[in-house]
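Both ligands and their constituent atoms are indexed starting at 1 by order of listing. These numbers come from the heavy atoms of this one structure, side chains and all, not from hydrogens, waters or symmetry mates. The shown structure was predicted, so the numbers you read here are calculated from the model rather than taken from an experiment.
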Amino acid sequence: MIEARGLTKRYGDKTAVKDLSFTVEPGIVTGFLGPNGAGKSTTMRMILGLDRPSSGSVTVNGRSYAEHAAPLHEVGALLEAKAIHTGRTAYNHLLALAATTGIPRRRVDEVIDLVGLREVARKRAGGFSLGMGQRLGIASALLGDPKTLILDEPVNGLDPEGILWIRNLLKGLAAEGRAVFVSSHLMSEMALTAEHLIVIGRGRLIADTSVTDFIERASTGRVKVRSPQAARLRDLLAGPDVTVSATEEGTLLVSGLTSDRIGQIASDNGVTLFELAPQQASLEEAFMELTGDSVEYRAPARTAERSAA
Ligand code: ADP
């Protein structure tokens with residue numbers, strides 16, 4: 001469990017993180033979402049005691065990182081992906097790490113199997129692909145069997161297979177009762193991985209919400225209906241607060257009625273439906289809407305697009 005209270009970090013006159021309070025609960029994956037430059041890495045570094053808060057505090061499993069006698073058993077971290085420059089094999093890399101922290105050799109074997117590195121464990125880690133490197137990084141984070149895990153953009157640069165693997169691993173680790181805190185700048189990825197979301201922009205908290213609620217809020221309130229009797233259905237649905245537009249032959253876009261109600265009206269009147277679908281804004285659209293003004297570096301092309309529109 002991670003608890004941040006009024007967490008603030010200033011670099012000179014630049015405020016990277018401002019008055020951030022949130023809780024990362026055990027048993028679920030919590031996504032830490034925000035555009036690039038929002039302050040995610042800075043926050044994670046403060047959680048891990050790598051950076052001192054200017055004010056406020058953050059604890060892991062009830063204490064600040066520095067107060068833990070054996071931090072590797074409390075929290076495992078995977079910070080930004082970087083190449084591992086070592087002549088050691090993956091196995092020896094983990095063994096060395098384990099030895100410095102009094103972790104037994106059998107745990108090294110366990111984590112190697114857990115992350116699927118068995119076949120390459122005796123190969124030099126310096127020659128690993130990004131995906132293999134991430135697996136090794138996660139193995140290191142898991143060595144102390146920590147109750148809390150922190151991962152900074154773990155899927156960046158991975159292929160679809162690697163992304164799927166990490167997604168399932170994180171869900172599995174959370175299901176074992178661990179608190180899993182994972183950052184990303186991609187809403188679509190977080191929607192598939194996380195159960196809860198902490199969203200920040202320009203260092204400030206924008207949303208603290210379940211993924212389900214976030215997706216629900218992205219709902220446009222419109223329902224798409226496809227029927228071979230579209231004209232008849234359109235008459236049946238008409239009402240004072242209902243708007244129906246026909247987008248293409250046989251397709252209606254309805255606002256003011258739920259999909260349940262539309263289905264019921266169709267059924268009561270013997271109208272066949274081919275499709276009945278509540279419409280959602282895409283998650284990226286909803287995320288951009290939410291973080292709108294807080295994006296620090298907006299690509300110039302977007303501004304040009306906007307003024308051209
Ligand atoms: P994110 O991880 O969300 O991309 P960061 O935490 O890396 O964001 O950065 C947040 C802000 O703090 C950015 O504006 C960044 O330039 C600034 N920042 C981060 N680290 C430093 C530092 N060591 N010195 C000065 N500014 C920094």
Student: Who's closest to atom 9 (O) of ligand 1 heavy-atom-wise, of Thr15, Ile200, Asp152, Thr42?
Tutor: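 Ranked by closest heavy atom to atom 9 (O) of ligand 1, first place is Thr42.
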Student: When you check the gap from the basic side-chain N to the acidic O, do Asp145 and Arg178 get nearer than 4.0 Å?
Tutor: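 Salt bridge present between Asp145 and Arg178.
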Student: Touching ligand 1 at all, Gly34? Heavy atoms, strictly under 4.0 Å?
Tutor: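 It does not, in that no heavy atom of Gly34 comes within the 4.0 Å cut-off of ligand 1.
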Student: Asn36 heavy atoms, cut-off 4.0 Å: which ligand 1 atoms fall inside?
Tutor: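 Taking each heavy atom of Asn36 in turn, ligand 1 has 4 (O) under 4.0 Å.
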Student: So for atom CZ, which belongs to Arg261, do other residues, nucleotides or ligands contribute more than 12 heavy atoms lying within a distance under 6.0 Å?
Tutor: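 At most 12 heavy atoms, drawn from other residues, nucleotides or ligands, come within 6.0 Å of this atom.
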Student: Return a yes/no value for Lys40: is any of its N or O atoms, backbone included, closer than 3.5 angstrom to an N or O of ligand 1?
Tutor: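 Yes; the residue has a nitrogen or oxygen that sits under 3.5 Å from a nitrogen or oxygen of the ligand.
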Student: Counting heavy atoms only, which of Ser183, Gly37, Gly12 is nearest atom 10 (C) of ligand 1?
Tutor: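 Comparing heavy atoms across Ser183, Gly37, Gly12, the nearest one to atom 10 (C) of ligand 1 lies in Gly37.
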Student: With hydrophobic residues grouped by side-chain heavy-atom distances under 4.5 Å, do Leu95 and Val111 end up in a single group?
Tutor: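 Yes; Val111 is reachable from Leu95 via cluster members.
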Student: Check whether any side-chain heavy atom of Ile166 sits under 4.5 Å from a side-chain heavy atom of Ile138, and report yes or no.
Tutor: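 Heavy-atom side-chain distance check passes, below 4.5 Å.
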Student: Within the 4.0 Å heavy-atom shell around Ala38, which atoms of ligand 1 are there?
Tutor: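 Answer for ligand 1: 1 (P), 3 (O), 8 (O).
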Student: Any nitrogen or oxygen of Gly39 lying under 3.5 Å from a nitrogen or oxygen in ligand 1? Just yes or no.
Tutor: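 Yes.
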Student: Quick test of your reading of the model: are Arg118 and Asp109 salt-bridged, counting only N-O distances below 4.0 Å?
Tutor: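 Salt bridge present between Arg118 and Asp109.
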Student: Do Arg63 and Glu74 meet the salt-bridge criterion of a basic N to acidic O distance under 4.0 Å?
Tutor: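 Salt bridge absent between Glu74 and Arg63.
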Student: Which atoms of ligand 1 sit under 4.0 Å from any heavy atom of Arg45?
Tutor: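 Here the atoms of ligand 1 in question are 20 (N).
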Student: Can you tell which part of Lys14 has a heavy atom less than 4.0 Å from ligand 1: side chain, backbone, both or neither?
Tutor: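 It is the side chain that gets close, since no backbone atom is under 4.0 Å.
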Student: Is it true that Asp19 and Arg204 have a side-chain N and a carboxylate O under 4.0 angstrom from each other?
Tutor: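 The answer is no: the pair does not qualify as a salt bridge.
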